[in-house]
Amino acid sequence: MVLLHVLFEHAVGYALLALKEVEEISLLLPQVEECVLNLGKFHNIVRLVAFCPFASSQVALENANAVSEGIVHEDLRLLLETHLPSKKKKVLLGVGDPKIGAAIQEELGYNCQTGGVIAEIMRGVRLHFHNLVKGLTDVSACKAQLGLGHSYSRAKVKFNVNRVDNMIIQSISLLDQLDKDINTFSMRVREWYGYHFPELVKIINDNATYCRLAQFIGNRRELSEEKLEKLEELTMDGAKAKAILDASRSSMGMDISAIDLINIESFSSRVVSLSEYRQSLHTYLRSKMSQVAPSLSALIGEAVGARLIAHAGSLTNLAKYPASTVQILGAEKALFRALKTRGNTPKYGLIFHSTFIGRAAAKNKGRISRYLANKCSIASRIDCFSEVPTSVFGEKLREQVEERLSFYETGEIPRKNLDVMKEAMVQAEEAAAEITRKLEKQEKKRLKKEKKRLAALALMSSENSSSTPEECEETCEKPKKKKKKPQEAPQENGMEDTPISFSKPKKKKPFSKEELISSDLEETAGSTNVPKRKKPSPKEETVSDPEEAGNRSVPKKKRKFSSKEEPISSGPEEAAGSKSSSKKKKKLQKLSQED
């Protein structure tokens with residue numbers, strides 16, 4: 001028994017559904033079509049086997065791109081290998097896209113089917129998908145589809161290979177539209193201004209020049225000899241300027257009011273501005289064609305080459321066309337009419353606008369158009385697939401067409417294509433080397449400018465930040481100095497024998513002059529006695545540590561007062577008994593405890 005499964009791709013993930021036996025469903029195709037719209041009946045036919053949701057929108061975009069290109073993604077491979085039966089011959093997988101079906105059949109070995117009943121089941125799954133998957137609502141499914149559609153379209157537009165050709169297509173289309181509009185508007189100006197000055201139409205044939213003259217002259221009765229120089233500048237011909245001046249004096253046109261002249265002049269200025277924009281657009285098209293398709297533009301001209309690219313859709317499509325298609329490109333209506341009526345097929349399409357066909361004789365127009373189409377297809381392929389496009393091949397191909405024209409007229413044998421292409425290859429290599437050299441120079445200049453700019457920015461940033469580290473150092477040094485003072489105080493207080501630390505606070509003024517004098521004398525005596533007794537043993541230092549701890553807990557005022565009493569009491573003790581140092585220390589400890 002063959003089991004039929006259906007693979008359904010959605011914006012939120014892959015779904016694998018199982019159906020009833022294939023024979024029953026194939027026999028009941030009308031019933032399937034009827035029950036697609038009914039959810040209850042559709043549940044009897046379709047059963048959800050597995051659902052693999054996408055982890056993120058980026059993963060969904062990758063899977064959508066893979067499905068559109070006919071590639072089996074890892075997520076799809078894992079789903080099919082996990083949930084489909086191991087016996088591949090008994091499994092029939094229904095898919096909507098034949099490309100992905102062929103890829104699955106080639107890589108995984110499952111038989112795939114499209115169309116028929118599968119299409120109807122897919123329609124039902126698409127309609128009831130939010131009911132088949134638990135936790136999925138119709139609103140969330142629509143949001144996922146909308147987001148994936150935007151990201152997919154954005155990626156397709158962003159990575160479009162023909163995005164450079166699109167500018168050429170739009171510019172040549174706008175150029176043709178401008179030509180039509182300028183002709184229409186110029187005819188309107190001719191008819192409108194012709195009521196007042198009808199002789200000007202016969203003298204001036206160019207539309208843009210006529211509009212400029214209508215804007216400049218205005219009322220013909222005000223035209224005088226003083227404006228003759230300006231007329232010569234506009235017409236670029238002294239004889240025509242003189243003829244306009246003479247015709248204005250003896251014109252048979254009607255008089256015109258000032259308000260009508262204002263309208264005519266404003267409309268003429270619009271036409272003049274359109275013609276000027278048309279010139280600038282033509283120069284833009286020429287520069288664009290020299291960059292994208294230099295060989296084709298050198299062979300057949302910028303305008304005709306751009307029309308061929310626009311009609312083909314892109315330069316890549318034009319390069320894929322054979323020469324016979326390029327020859328009649330643009331004459332499709334005449335071709336199908338000739339095929340329908342069994343008449344003569346057209347000899348040329350858009351390439352008829354080339355100068356070569358116009359220069360050829362009537363009997364040779366078909367031959368030269370066929371030869372020119374052959375060279376156009378070669379030039380388009382060179383432009384499309386060359387790494388550094390140059391106009392060398394187009395110039396050589398143009399020379400070959402010229403030689404073929406002279407051969408039809410004079411019988412002079414042209415050069416062989418092989419010899420011409422050898423010369424073109426040598427010149428193209430030189431031109432490509434020159435172009436790469438120029439590009440390298442431009443890149444070096446750009447890099448130098450970038451380095452200078454970065455160096456200047458780094459210098460500015462270093463100048464701005466040079467003051468901040470000094471400030472940081474100052475702020476860091478200040479707390480360090482503050483921290484050293486409390487560390488020095490306990491060391492001085494810990495030395496009981498030296499009264500140097502206790503004589504420092506002289507700013508206090510509650511003492512008399514006699515006390516100050518006695519304290520100075522004691523300091524001098526203590527300074528003389530310090531070198532004799534400044535080296536206590538490590539045991540004595542350890543004994544003095546608890547005294548330091550006890551002194552720290554005592555307020556500062558009491559410590560300073562006791563410090564002044566200590567040298568007074570210790571002075572006679574030092575003078576009396578200098579032999580027994582241990583007894584003195586015991587007495588000092590008793591005094592400190594009493595304080």
Side-chain angles (χ1 to χ4, degrees), residues 2-22 24-26 28-29 31-57 59-85 88 91-105 107-108 110-149 151-152:
V2 179
L3 300 174
L4 179 60
H5 290 75
V6 173
L7 176 66
F8 181 71
E9 306 94 4
H10 197 267
V12 295
Y14 292 114
L16 188 65
L17 303 108
L19 289 89
K20 287 187 176 181
E21 297 178 3
V22 181
E24 293 182 9
I25 290 180
S26 60
L28 302 173
L29 182 59
Q31 285 81 347
V32 172
E33 293 177 357
E34 290 177 3
C35 72
V36 159
L37 300 176
N38 191 349
L39 180 60
K41 292 181 179 180
F42 189 70
H43 269 298
N44 296 330
I45 295 177
V46 177
R47 179 176 58 86
L48 182 65
V49 175
F51 175 65
C52 178
F54 296 134
S56 62
S57 59
V59 177
L61 180 60
E62 291 176 3
N63 282 273
N65 289 327
V67 169
S68 64
E69 293 171 6
I71 300 170
V72 181
H73 198 267
E74 291 297 327
D75 297 341
L76 180 59
R77 184 193 297 272
L78 182 63
L79 176 70
L80 295 178
E81 289 179 349
T82 305
H83 297 283
L84 283 179
K88 298 180 180 180
V91 176
L92 182 63
L93 184 64
V95 293
D97 191 5
K99 286 184 180 179
I100 194 67
I104 291 170
Q105 191 167 357
E107 294 186 20
L108 302 178
Y110 294 107
N111 293 324
C112 296
Q113 181 181 349
T114 56
V117 182
I118 303 297
E120 293 296 327
I121 293 168
M122 286 281 190
R123 187 162 66 91
V125 173
R126 192 176 296 110
L127 183 63
H128 305 294
F129 185 72
H130 59 280
N131 293 318
L132 293 171
V133 180
K134 293 181 180 180
L136 181 67
T137 60
D138 192 12
V139 177
S140 60
C142 291
K143 285 183 179 179
Q145 286 178 341
L146 186 63
L148 181 60
S151 57
Y152 182 78

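Numbering starts at 1 and runs along the sequence shown. Just so we're clear, the structure is a prediction, and the values are computed from it rather than from any experiment.
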Using side chain to side chain donor-acceptor pair (under 3.5 Å) as the criterion, list what pairs up with [X], not counting sequence neighbours.
X: Gln105; result: none
X: Ser68; result: Tyr152
X: His10; result: Gln145

[X] to [Y] - nearest heavy-atom pair and separation:
X: Gly70; Y: Lys99; value: CA-CB, 4.0 Å
X: Ala15; Y: Phe129; value: CB-CE1, 3.6 Å
X: Leu79; Y: Ala50; value: CD1-CB, 3.8 Å
X: Leu136; Y: Ala141; value: CD1-N, 4.3 Å
X: Ala60; Y: Ala11; value: CB-O, 3.9 Å
X: Val12; Y: Ala144; value: CG1-CB, 3.5 Å

task = Supply the atom-to-atom distance Cys112 SG to Leu92 CG, rounded to the nearest 0.5 angstrom.
result = 8.0 Å
query = To the nearest 0.5 Å, how far apart are CG in Asp97 and CD in Glu9?
reply = 7.5 Å
Taking the side chain as every heavy atom from C-beta outward, state whether [X] and [Y] have any pair of such atoms under 4.5 Å apart.
X: Glu74; Y: Leu78; value: no
X: Ile71; Y: Ile100; value: no
X: Val46; Y: Val6; value: no
X: Val91; Y: Asn111; value: no
X: Ile104; Y: Leu76; value: yes
X: Val95; Y: Leu93; value: yes
X: Leu17; Y: Leu132; value: yes

inquiry  = Test: side-chain hydrogen bond (donor to acceptor under 3.5 Å, both in side chains). Region: residues 132-141. Which pairs qualify, not counting sequence neighbours?
reply    = Thr137-Ser140
ask   = Who are the ring-ring contact (aromatic ring centres under 6.0 Å, His included) partners of Tyr14, not counting sequence neighbours?
value = Phe54
inquiry  = Test of understanding: with ring-ring contact (aromatic ring centres under 6.0 Å, His included), list the residues that count as partners of His73, not counting sequence neighbours.
reply    = none
[X]: which residues meet the side chain to side chain contact (heavy atoms under 4.5 Å, CB included) condition with it, sequence neighbours left out?
X: Ser56; result: Gln58, Val59
X: Ser57; result: none
X: Pro53; result: Phe51
X: Arg47; result: Ala18, Val49

inquiry  = So, using salt bridge (charged side-chain N to carboxylate O under 4.0 Å, His left out) as the criterion, who are the partners of Glu81 when residues are at least two apart?
reply    = none
ask   = Is any NZ, NE, NH1 or NH2 atom of the basic residue among Arg77 and Glu107 found under 4.0 Å from an Asp or Glu carboxylate oxygen of the other?
value = yes
task = Evaluate side chain to side chain contact (heavy atoms under 4.5 Å, CB included) for Leu4 paired with Ile118, printing each intermediate quantity in order.
result = CA-CA 10 Å; Leu4 179 60; Ile118 303 297; 4.1 Å; yes
